[in-house]
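A short worksheet on the structure shown next.
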Amino acid sequence: MGLWMPGAQMEAVLRHGEASYPHECCGLLLGHPAADARAPRRVVEAHAMRNANAASPRNRFDFDPKEHLAAQRQARERGLEVIGFYHSHPDHPARPSQYDLDHAAWPGYSYLIVSIMEGRAASGEAAARSFELAEDRSHFIQETVETSGVETESA
Amino acid sequence: MAIKVFIPTPLRAYTDRKVEVEAQGQDVGEVLEHLMQAHPQLRGQLMNPDGQLRSFVNVYLNDEDIRYTGSEKTPVKANDTLSIVPSIAGGSPAAVASGRC
């Protein structure tokens with residue numbers, strides 16, 4: 001279990017969070033699911049989505065469902081799969097909120113959260129954490145995030 | 001008739017890793033029921049205990065959300081495709097002032 005991500009894609013997520021500040025940003029994590037129970041999900045591309053929550057974009061995000069459907073199709077045509085989602089917490093830590101838990105989809109996705117403090121990505125480990133929904137949907141479990149400077153893609 | 005159903009990544013654990021499966025029915029409800037009979041573990045992922053689609057589960061027949069076309073009674077025809085897409089939403093902990101003010 002865990003998430004593997006090219007460093008450049010993690011950077012893209014952090015920059016998306018900064019550019020969207022003070023609003024939340026959101027997007028898809030596209031790549032390849034875990035090959036087995038111990039292997040990480042592997043991100044190939046962080047795909048930015050529009051925050052469609054017009055009412056409260058500083059502390060809420062949602063995907064436009066049709067844009068999500070279209071992005072999922074485009075990914076599939078490229079041989080990529082939706083393996084998770086990312087969003088930012090402006091001026092809040094990179095930890096899931098009760099609202100995140102209440103609105104989570106199925107276990108088996110990575111939920112990457114980035115913390116943007118006063119417009120800048122938080123430093124070090126506090127900047128980005130990833131979580132998986134527990135099987136009984138009662139809580140999130142933090143998973144390891146490994147980033148690499150080398151974008152190798154064996155699939 | 002049998003139509004193609006696209007399975008979201010985490011639910012492929014219950015469809016023998018298949019990205020798309022075929023399921024039969026005259027309307028969306030029958031197709032979903034056939035799908036869940038063929039892959040019983042999908043039922044708890046897609047449905048509430050009362051047998052209704054979970055609130056975050058969106059079902060699209062081709063490009064249309066079935067909520068706007070007759071829900072499970074939406075008829076299907078040859079070459080239609082059904083996509084199961086989760087609603088994605090979230091947010092940070094604090095209830096800051098709404099943008100509506």
Side-chain angles (χ1 to χ4, degrees), chain A residues 22-24 26-28 31-33 41 49 51-66 68-73 75-76 81-109 111 113 115-116 132-133, chain B residues 4-21 28 36 39 41-49 53-69 71 80-101:
Chain A
H23 294 176
E24 296 202 1
C26 56
L28 294 165
H32 305 293
R41 284 176 274 273
M49 297 286 288
N51 181 353
N53 189 315
S56 191
R58 286 172 179 247
N59 69 331
R60 297 287 179 256
F61 81 92
D62 41 59
F63 286 2
D64 176 89
K66 284 213 163 187
H68 186 192
L69 176 69
Q72 185 175 287
R73 274 192 190 144
R76 197 164 55 225
E81 301 183 34
V82 177
I83 57 170
F85 310 97
Y86 73 83
H87 74 282
S88 63
H89 281 178
D91 297 322
H92 283 280
R95 295 203 174 280
S97 64
Q98 183 64 41
Y99 192 87
D100 288 329
L101 184 61
D102 293 342
H103 292 79
W106 300 287
Y109 285 121
Y111 291 87
I113 302 176
S115 173
I116 309 296
E132 185 178 32
L133 187 63
Chain B
K4 206 180 276 184
V5 184
F6 287 106
I7 306 296
T9 316
L11 301 191
R12 291 176 205 156
Y14 312 118
T15 61
D16 306 320
R17 297 269 147 217
K18 289 186 185 131
V19 175
E20 54 179 73
V21 298
V28 169
M36 293 184 295
H39 307 282
Q41 289 172 296
L42 282 180
R43 190 176 300 276
Q45 304 294 333
L46 298 178
M47 300 288 185
N48 287 326
L53 279 172
R54 287 181 178 271
S55 57
F56 67 84
V57 176
N58 298 322
V59 177
Y60 285 82
L61 185 65
N62 305 316
D63 291 329
E64 298 303 324
D65 186 331
I66 62 161
R67 285 192 190 94
Y68 306 112
T69 60
S71 297
D80 280 349
T81 58
L82 205 66
S83 300
I84 299 167
V85 183
S87 282
I88 299 301
S92 57
V96 299
S98 154
R100 288 185 193 282
C101 60

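Letters A, B, ... are given to chains in the order of the sequence lines, protein chains preceding strands, and every chain is numbered from 1.
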Winner by heavy-atom pair count (cut-off under 4.5 Å) against chain B, out of [options]:
options                                : value
Pro65(A), Ala52(A), Pro93(A), Pro96(A) : Pro65(A)
His103(A), His89(A), Met49(A)          : His89(A)
Pro90(A), Ser115(A), Ala105(A)         : Ala105(A)

Against chain B, label [X] side chain, backbone, both or neither, depending on which of its atoms sit under 4.5 Å from a heavy atom there.
X         : answer
Phe85(A)  : side chain
Gln98(A)  : neither
Ala70(A)  : neither
Pro107(A) : both

Between [X] (side chain only) and [Y] (backbone N and O only), is there a donor and an acceptor less than 3.5 Å apart?
X         : Y        : answer
Lys66(A)  : Asp63(B) : yes
Arg95(A)  : Ser92(B) : no
Thr9(B)   : Val82(A) : yes
Trp106(A) : Leu11(B) : no
His68(A)  : Pro86(B) : yes

| Smallest separation among heavy atoms of Gly91(B) and Asp100(A), with atom names |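 So the minimum-distance heavy-atom pair works out to N-OD1, 2.7 Å.
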### Task
For residues Asp62(A) and Ala89(B), report the shortest heavy-atom separation together with the two atoms involved.
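Asp62(A) and Ala89(B) have their closest heavy atoms at CB-CB, 3.7 Å.
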- Message: Is Ser87(B) close to chain A through its backbone or its side chain, or both, or neither, when contacts mean heavy atoms under 4.5 Å?
- Response: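 It is the backbone, since no side chain atom gets that close.
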Find the distance between CD1 (Ile88(B)) and OH (Tyr109(A)) and round it off to the nearest 0.5 Å.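 The distance works out to 6.0 Å.
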- [ ] Working to the nearest 0.5 Å, report the span between CZ of Phe6(B) and CD of Gln72(A).
- [x]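 The distance works out to 9.5 Å.
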